[in-house]
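Taking it in order: structure first as structure tokens, then the write-up.
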Amino acid sequence: MTGVPGTIRVLIADDQRVVRDGLSMLVGLIDGVEVVGTACDGAEAARLAEAHRPDVILMDLRMPGTDGIAATADLRQRLPATRVLVLTTYADEDAIVPALQAGARGYLTKDASAEQIEAAIHAVHAGQTHLDPAVQERLVAAVISRPPVTEPPGQDPARKPPDGLTAREAEVLMLLASGLSNTEIARRLYLSNATVKTHINRIFAKTGARDRAQAVRYAYQHGLAPPAR
């Protein structure tokens with residue numbers, strides 16, 4: 001169970017055997033990566049994760065019994081060091097947002113190439129958020145299609161933002177999560193580009209986000225972005 005030091009240990013969860021076998025073969029060919037098990041549903045994924053303590057779980061979403069979202073939320077509590085990388089057929093808002101809220105660190109669709117899967121495994125293992133470009137586009141499109149809001153959604157205006165964020169930083173984060181560029185945020189809030197950049201750097205520092213994708217994920221998890229409909 002210990003494996004080679006430095007090896008990324010991966011568990012694969014998918015309800016289709018042919019997909020599990022194919023992914024197991026593909027992932028097993030990646031240098032520095034070891035497949036420690038395969039699961040047919042979320043419940044089995046959780047059991048095997050407890051037994052093998054993988055670094056990364058490739059998680060399908062739509063599975064019978066315990067689905068991938070429920071399993072991800074459970075594993076986030078029980079094995080916080082294990083990172084979940086969603087690999088699914090679905091790239092709609094109703095799948096993406098709940099998966100990120102449950103704690104997934106990455107999201108790929110099943111038309112991803114072997115190179116994309118390898119890059120995503122390494123990224124989430126390193127603590128980064130990795131979203132397929134098509135998934136990012138879908139997420140941003142869903143957010144900016146909604147009516148603008150004046151307060152961070154789902155929060156009482158009197159309630160302080162999390163992690164020491166100021167009200168202005170929460171507002172900038174909300175707009176960032178809505179897909180706006182620095183220039184567009186500056187125009188919306190009547191600020192200079194330099195001031196917006198300073199706010200974003202402070203947001204990254206306070207939330208632990210390393211990039212805009214991680215900041216978007218943080219915004220959804222903490223109610224600082226429009227909720228899924």
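Residues: numbered from 1 along the sequence shown. Only this structure's heavy atoms are used, side chains among them; waters, hydrogens and symmetry mates stay out. What you see is a predicted model; the values in this text were computed from it and never measured.
Proximity of a side-chain donor or acceptor of R105 to a complementary backbone N or O of H125 within less than 3.5 Å is not detected. In terms of modelled atom types and a separation under 3.5 Å, the side chain of N182 and the main chain of N193 share no donor-acceptor contact. Within the 3.5 Å criterion, the main-chain N or O of D163 finds no donor-acceptor partner in the side chain of K206. Side chain of R83 to backbone of A104: no donor-acceptor contact under 3.5 angstrom is found. Proximity of a side-chain donor or acceptor of E184 to a complementary backbone N or O of S181 within less than 3.5 Å is detected. Looking at Q214, its side chain does come within 3.5 Å of a backbone N or O of G127 through a donor-acceptor pair. At distances below 3.5 Å, not a single donor-acceptor pair connects side-chain atoms of Q77 with backbone N or O atoms of D74.
Among all heavy-atom pairs drawn from A91 and I96, the shortest one is O-CD1, 3.4 Å. Taking every heavy atom of both residues into account, A120 and L85 meet most closely at CB-CD2, 3.7 Å. The shortest heavy-atom contact between A45 and A39 is N-CB, 3.4 Å. Contact between R62 and A95 at its shortest, heavy atoms only, is NH2-CB, 3.9 Å. Across every non-hydrogen atom of A177 and V216, the tightest pair is CA-CG2, 4.0 Å. When every heavy atom of T82 is checked against every heavy atom of P54, the shortest pair comes out as OG1-O, 2.8 Å.
Residues V124 and T129 have side chains not in contact (no heavy-atom distance under 4.5 Å, counting atoms from C-beta outward). Between V172 and L189 the shortest side-chain heavy-atom distance falls below 4.5 Å. Between R202 and T166, the closest side-chain pair of non-hydrogen atoms is not below 4.5 Å. Two residues are said to be in side-chain contact when any heavy atoms from C-beta on lie closer than 4.5 Å; L58 and V27 meet this criterion. Between V36 and V10, every side-chain heavy-atom pair lies at or beyond the 4.5 Å cut-off. Here the side chains of V56 and R9 are not in contact, with every heavy-atom distance at 4.5 Å or above.
D14 pairs with exactly one of L61, D41, D60 by the side-chain contact (heavy atoms from CB on, under 4.5 Å) rule, that one being D60. Among D31, I30, I121, the single residue meeting the side-chain contact (heavy atoms from CB on, under 4.5 Å) criterion with I8 is I121.
Checking T195 against S192 by side-chain atom types alone, a donor-acceptor pair falls below 3.5 Å.
Between the CG atom in L79 and the NE2 atom in H52 there is a gap of 12.5 Å [rounded to 0.5 Å]. Note that the CD atom of E118 and the CG atom of L29 stand 10.0 Å from one another [nearest 0.5 Å]. A distance of 10.0 Å separates CG in L173 from CZ in R212, rounded to the nearest 0.5 Å. The CD1 atom of I203 sits 6.0 Å away from the CD atom of E169 when rounded to the nearest 0.5 Å. Atoms CG and CG, on L100 and L131 in that order, are 6.0 Å from each other to the nearest 0.5 Å. Atom-to-atom distance recorded for T72:OG1 and R76:CZ is 10.5 Å, nearest 0.5 angstrom.
Linking ILVMFWY residues whenever their side-chain heavy atoms come closer than 4.5 Å, directly or via other members, places L87 and V18 in the same cluster.
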Would you please test L75 and M59 for side chain to side chain contact (heavy atoms under 4.5 Å, CB included) and show each step?
CA-CA 11 Å; L75 288 165; M59 183 80 76; 3.9 Å; yes

Residues T183, R187; criterion side chain to side chain contact (heavy atoms under 4.5 Å, CB included); working and verdict
CA-CA 6 Å; T183 300; R187 219 166 21 233; 3.7 Å; yes

One pair to check against side chain to side chain contact (heavy atoms under 4.5 Å, CB included): T88 and Y107. What are the steps and the verdict?
CA-CA 8 Å; T88 183; Y107 198 111; 3.4 Å; yes

Residues H130, L108; criterion side chain to side chain contact (heavy atoms under 4.5 Å, CB included); working and verdict:
CA-CA 8 Å; H130 188 99; L108 292 177; 4.0 Å; yes

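Residues R168 and E171 are paired through a salt bridge, judged by an N-O separation under 4.0 Å between the basic side chain and the carboxylate. With respect to the salt-bridge test (charged N to carboxylate O, under 4.0 angstrom), the residues R20 and D15 do not qualify.
R210 forms no cation-pi arrangement with F204, by the criterion of a distance under 6.0 Å to the ring centre and an angle within 45° of the ring axis.
Atom NZ of K110 is surrounded by more than 12 heavy atoms from other residues, nucleotides or ligands within 6.0 Å.
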